[in-house]
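FYI, the numbering just counts along the sequence from 1. One-based numbering, in listed order, for ligands and for the atoms of each.
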Amino acid sequence: MNIAVNAPSVPETVYLKDYTPPAFAVDSIALDIRVFDDHTIVSSKLEVQRQHAGDLILLGRDLELKSIRVNGQPLSEEQYQLDSEQLLVKNAPDHAVIEIEVIIHPESNTQLEGLYLAGKDLFVTQNEPEGFRKITFYPDRPDVLSVFTTRVEADKKFPVLLANGNLLETGEAGEGRHYALWQDPTKKPSYLFACVIGDLEVLRDRYTTIEGREVALEIYAEAKDIEKCQIAMQALKDSMKWDEEHYGRPYDLDNYMIVATSAFNMGAMENKGLNIFNTSCVLADPEVTTDAAIMRVQSVIAHEYFHNWTGNRITCRDWFQLCLKEGLTVFRDQSFSEDLQSAAVQRIDDVAVLKSHQFPEDAGPLSHPARPDHFVEINNFYTATVYEKGAEISRMMATLLGKEKFRQGTDEYFRRHDGQAVTVEDWVAALSAGSGVDLSAFLTWYNQPGTPVLDVQADYDVAAQTYTLQLKQSVKPHAKYPDLKAVPIPVALALFDAETGEQLTLECEDLFQNQVKDGVYLFEQDSASITFKHVSRKPVLSLLRNFSAPVNLNFAYSDEELAFLLQHESNGFNQWQATQTLLERVLLQDHPVDIYLHAIQKTVVELVNTDPLLASRLLDVPSESYLASRIDVDYRPVAIEEKREAVLNAVAKHLGDFWKNSYQTLDPDAQSDFSQAMGVRSLRNIALSMLARVGDTQVFDLADAQYHNTLNMTERLGALRVLVWNDAPQAQQVLQDFYDRFKDEALAIDQWFMIQAAHPHADQALIEGLTSHPDYDLGTPNRIRAVTGGLSSRPVNLWGEVGVNHFVHLTKLMDGKNPIVGSRMIQALSRWYTLAEPQRTEVKARLLDLQAQVTSKNVVETINRMLSV
Ligand code: B3K
Ligand code: ZN
C-alpha cells in the first residue's frame, strides 16, 4: 500500500500538563514476525476496546503499510488517515479487531531502535521508549498494557527464536525456515516487548523462588563468550534473592532470559523476562574484563532484574514519569552493590558519578527536573538527572523513614499499584500511606531543576555549653521555573570531640528534641537553626554524612577540621568526603596542600593492609571534569590541569617510599575476597603511576613486567596506561602486543582504543589514526564511546581543536545514522559557555555551525538547549 509521506501530526513539544488517557485499551495483541534477508513482514492482530472519547490512534514510523482490516473488513484509504507518525482509524467501533500487515527493514536499521540487525547472525529489538512503533502500528505509549502473543519465524540459520513469556510451540515453516510461538501472560506496555532471532549459545541455570517457583535462567551470547557469562549468572541469582529479602519481591515467570549483543545504544534493557544487554554489561572474565567493569556487570544485571517490579509490574503512566522507575531502580541497584562489596566504597563511587555528571548537568543549559514537564524527544531525557538524582530522591526518603518504615512504604506501593501504569505522585502517596509519614514535600524534588545550596553556620557558646547551627537553603534562579521552593533536606550530622576524636551523643534544646532522629535533621524551610546542649568544648562538625542529600554544601570548615574528619570520621564515605572538600580548596581556592598531605599519609599508610579498597579511594583527587563543573565563568582547562598535576606530584613525592613498598608487598593473590583483591590491584596501579611521577628509574621495567606477567586485565591495563601515557620506550610494542593478544575480544579492544585516545598529548593525527583503524566502527556505539570517553577524560584535549573537531564531526555523522548516540555525543560540549575567551567564542561558533546542519529531533533539541544560555 503506502509509506506515509505527509507531515507528522504530533506536536513539536510534548507537555506533561497535556496528558490524556488513551481512548482505546488493547486487550490482546498477536504478532507474527517473519524475518527475511532483505525485509521483515510484521502482521498484527489487536483486540481493542474503547475507554474514553477520541480517535483510535496507532503510532507508527518508517513502516510500509500493506493492509489494514477492521473486524474482518479491509479499510479503503478514505477510512483512515496516515502520516509519518501515525495511523488514525476513522470512526472506529467501540470494540474492534484490527489486523495490520507492514513491511520493515531491520537489516538496514542503523538507529538501533525497533527491530534491527545487530551483527551478522543476530536480530534484536530495542523498544524503550518509542521503538515499538518502528515494528508495527500500535498505541505505543506506556499506559496501554496488553497480553502479547508472538510468533517469530526465520531461516534455520538462526536457530534461536525468542520473545517474552512462555514458549508455547515450535515448528517447521517450510523452505528451510522454522518458527517459535511465545506468550507473555503478564500485561505489559509495548516498550517492554522484545524478540531475538539469532545464532547464539546459551548458559543455563535455575533459581527456586521463595514461593517455590522453579525459574529457568538463560544467558545467550556468542559461543566464544559463553563462559564469560558465569559472573552475570551468579549476579542474577544474587539479585533474585536480594529482592526477595529486602523488598519481598519474588520473580513471577518460569523463565528469565538475557541476550548479549555488542550493537546496543546503552547498557541494557529490562524487557519482560527477556532482557537485552550490551556485551559490556554482561560479559565478565578477569582475564579480559577490569575489576570496575565486573562491578558494573553485577550492578546492571541487578538493575535490569529489579526493574521486573519497579518498572515492569508497576510501570510509568507516561514518559515524564521516567524517574519513577529509573530513580527507584538505581537506588535499589546501588543498595544491592553496597551489600555486595564495601558499602562505603560503593557510596563513594556513586556520589563521585553524581557529582561529576549530574551536578554539572543540573548547573547548565541541559538542566531539567528529575521529572521533566516537557520534551521534544524523550530519548534525550535518559539523563544523569533522571537516573542519579532520581535515585537520590528515593534514597533521601529511605534515609528519613529508616529500614522498617521504608519497607512498609514500598510494600504499600506494590500492593496498591501492581499491574498499573502510575505517576510520581502515586509513588510518594503510597510510600507515605504505608510508612505513616507524610512525604508529599519530596514532590518538590521531582518537580524543579537545580542543585540546592545548603549554607550552614556554626556558633559555639562556651558559657552556655551550646553549639548552634544556622541553616539556609537556596537554589540558582531558573528562567523557566520562577517559583522555586524550599525542598526537604535530610541533613545527617555528627559532632566529634576535637581532642579525643570521639563521637558525641547529640542532645538538642527541648524545642528541637524530636528533630534529630538517628543523627538526621530534616531541614524543610528556607532557614532554620538548631542548638545542641551539653557540649563541653568546641566540637568538630560532620555534615551530610553518607551524602544524605544531593546538595552543594557551604560550611566554613578549617583545613584542620577537614584533616581531623579524614582521620576520625567513623565511616569511609565520610572520610572520603573530607578529602574531596579539602582538595577542592587546594585546587580551586589555592589553599596550601600540606595539611592534606600530612593527613592522607597518616590515614592511608594505616589503612593499606586493613582496607586496601577504601585506601585506594581515599587517594582520589577530584577529576578535572568535576573541578570544571565548579567553575561557571572563565574556565581554563590548562590551568586546572596544571594545578591538579601539581597536587598529584606533591602526593607522589610526599608519600615517598610508601609507593615502592606498597607495590612490592601488596599481593592481590593473597587476599581473602574479591573486594580486597580489587583494592590491592587498584593501589598497586596507583603506586605505579606515582612512581612514574617521581621519575623512578625502574618504573618502566616494573610496568613492563606487570604487563607481561599477569593474567588479570586490571593489572595489564594499569601497566599499559603507565607505559603509553608516559611515552615509555616500549609503549608502541606493548600496544601492539595487546592488540595481537585481544584482537578477538571486542571489549578489550575498546580499552585499547580508549587508552590511546586518553593520551595526555592526543593530537589530530592520533585520533584520526584511531578513527580510520579497520576496527573502528560507527555501527558499534561501544567503539565510538571508547574514543570519545578517552578524549573527554582529558578536558585540555576535549576543549582543544582535536576534541571539538572530533565531537562536532561525529555528531554530524551520527545525526543521520544513529541520532540517540549523536545527541549523547554533543553533550560532552554542553559547558562550552564557561570557557575563557577566546575559546568560548571559538567553540560557540563551531556549535552554531553544527546547529545549522543537523536534522534529527534528538540532536536538534540538544544543541538548541545547549545554545540557549
Ligand atoms: N530502561 C533502559 C533504558 C532505555 C533507554 C532508551 N534510550 C535501561 C535501564 O535503565 O534499565
Ligand atoms: Zn533502568
Side-chain angles (χ1 to χ4, degrees), residues 109 111-114 116 124-134 140-142 164 188-194 232 235-236 239 243 258-261 263-278 280-282 296-316 318-337 350 353 357-358 370 372 375-391 394 421 781 785 814 818-825 827 856-859 861-862:
N109 176 349
Q111 303 185 349
L112 314 189
E113 214 190 9
Y116 63 92
V124 299
T125 50
Q126 171 52 39
N127 292 327
E128 183 181 358
E130 299 181 335
F132 192 73
R133 66 191 62 185
K134 297 174 83 178
D140 184 21
R141 41 186 289 172
N164 319 80
K188 65 167 179 285
S190 49
Y191 83 86
L192 291 173
F193 168 79
L236 175 59
S239 310
D243 215 13
I258 291 176
V259 175
T261 169
F264 210 59
N265 279 344
M266 67 276 170
M269 177 63 212
E270 69 264 25
N271 316 301
K272 181 78 190 184
L274 176 52
N275 290 182
I276 297 178
F277 266 64
N278 189 320
S280 70
C281 294
V282 67
R296 179 159 160 78
V297 164
Q298 293 169 329
S299 89
V300 179
I301 290 276
H303 179 95
E304 305 312 331
Y305 176 72
F306 296 155
H307 267 315
N308 191 54
W309 276 95
T310 50
N312 300 3
R313 299 261 314 220
I314 304 183
T315 193
C316 300
D318 53 70
W319 289 120
F320 295 104
Q321 319 295 330
L322 183 59
C323 71
L324 169 73
K325 75 177 176 79
E326 295 304 346
L328 176 55
T329 305
V330 170
F331 171 57
R332 277 151 53 70
D333 83 57
Q334 290 177 348
S335 312
F336 168 80
S337 298
D350 291 335
V353 168
H357 291 93
Q358 199 277 323
F375 59 74
V376 174
E377 169 55 62
I378 182 57
N379 270 302
N380 284 335
F381 287 81
Y382 286 75
T383 59
T385 297
V386 166
Y387 277 66
E388 266 66 47
K389 187 174 181 178
S394 289
R785 286 189 283 257
M814 299 314 279
N818 184 336
I820 293 179
V821 170
S823 171
R824 271 292 149 105
M825 291 303 135
Q827 291 178 29
S856 70
K857 266 209 306 190
N858 310 55
V859 180
E861 181 186 33
T862 297

Chemist: Rounded at 0.5 Å granularity, tell me how far CG in N308 sits from CG in D243.
Modeler: 8.5 Å
Chemist: May I have the angle between H303 NE2 and H307 NE2 with its vertex at the Zn ion (ligand 2), rounded to 10°?
Modeler: 100°
Chemist: Measure the CZ-OG distance between R133 and S190 for me, rounded to the nearest 0.5 Å.
Modeler: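 Output value for this atom pair is 8.0 Å.
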Chemist: Need the atom name: nearest N/O/S atom of E326 to the Zn ion (ligand 2).
Modeler: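 It is OE1, the N, O or S atom of E326 closest to the Zn ion (ligand 2).
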Chemist: T310 and side-chain hydrogen bond (donor to acceptor under 3.5 Å, both in side chains): which partner among K325, E326, E270, R332?
Modeler: R332
Chemist: Fit a plane to each ring of H303 and Y387, take the angle between them on a 0 to 90° scale, and name the class: parallel (under 30°), tilted (30 to 60°) or perpendicular (over 60°).
Modeler: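 Rings of H303 and Y387: parallel, under 30°.
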Chemist: Got W319 and F381 here, is their nearest side-chain heavy-atom distance under 4.5 Å?
Modeler: no
Chemist: Is there any protein N/O under 3.5 Å from an N/O of ligand 1, and what does the full list of such pairs look like?
Modeler:
unit_1	atom_1	unit_2	atom_2	d
ligand 1	1 (N)	E128	OE1	2.5
ligand 1	1 (N)	E270	OE1	2.8
ligand 1	1 (N)	E270	OE2	3.4
ligand 1	1 (N)	K325	NZ	3.4
ligand 1	1 (N)	E326	OE2	3.1
ligand 1	7 (N)	N379	OD1	2.8
ligand 1	10 (O)	H303	NE2	3.4
ligand 1	10 (O)	E326	OE1	2.9
ligand 1	10 (O)	E326	OE2	3.0
ligand 1	10 (O)	Y387	OH	2.5
ligand 1	11 (O)	E270	OE1	3.2
ligand 1	11 (O)	H303	NE2	3.1
ligand 1	11 (O)	E304	OE1	2.8
ligand 1	11 (O)	E304	OE2	3.0
ligand 1	11 (O)	H307	NE2	3.2

Chemist: In terms of side-chain heavy atoms, does E861 have a donor or acceptor partner in N380 at a distance below 3.5 Å?
Modeler: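 Yes, N380 and E861 have a side-chain donor paired with an acceptor closer than 3.5 Å.
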Chemist: Do you see a donor-acceptor pair shorter than 3.5 Å between the side chains of N818 and N265?
Modeler: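 Yes, a side-chain donor-acceptor pair sits under 3.5 Å.
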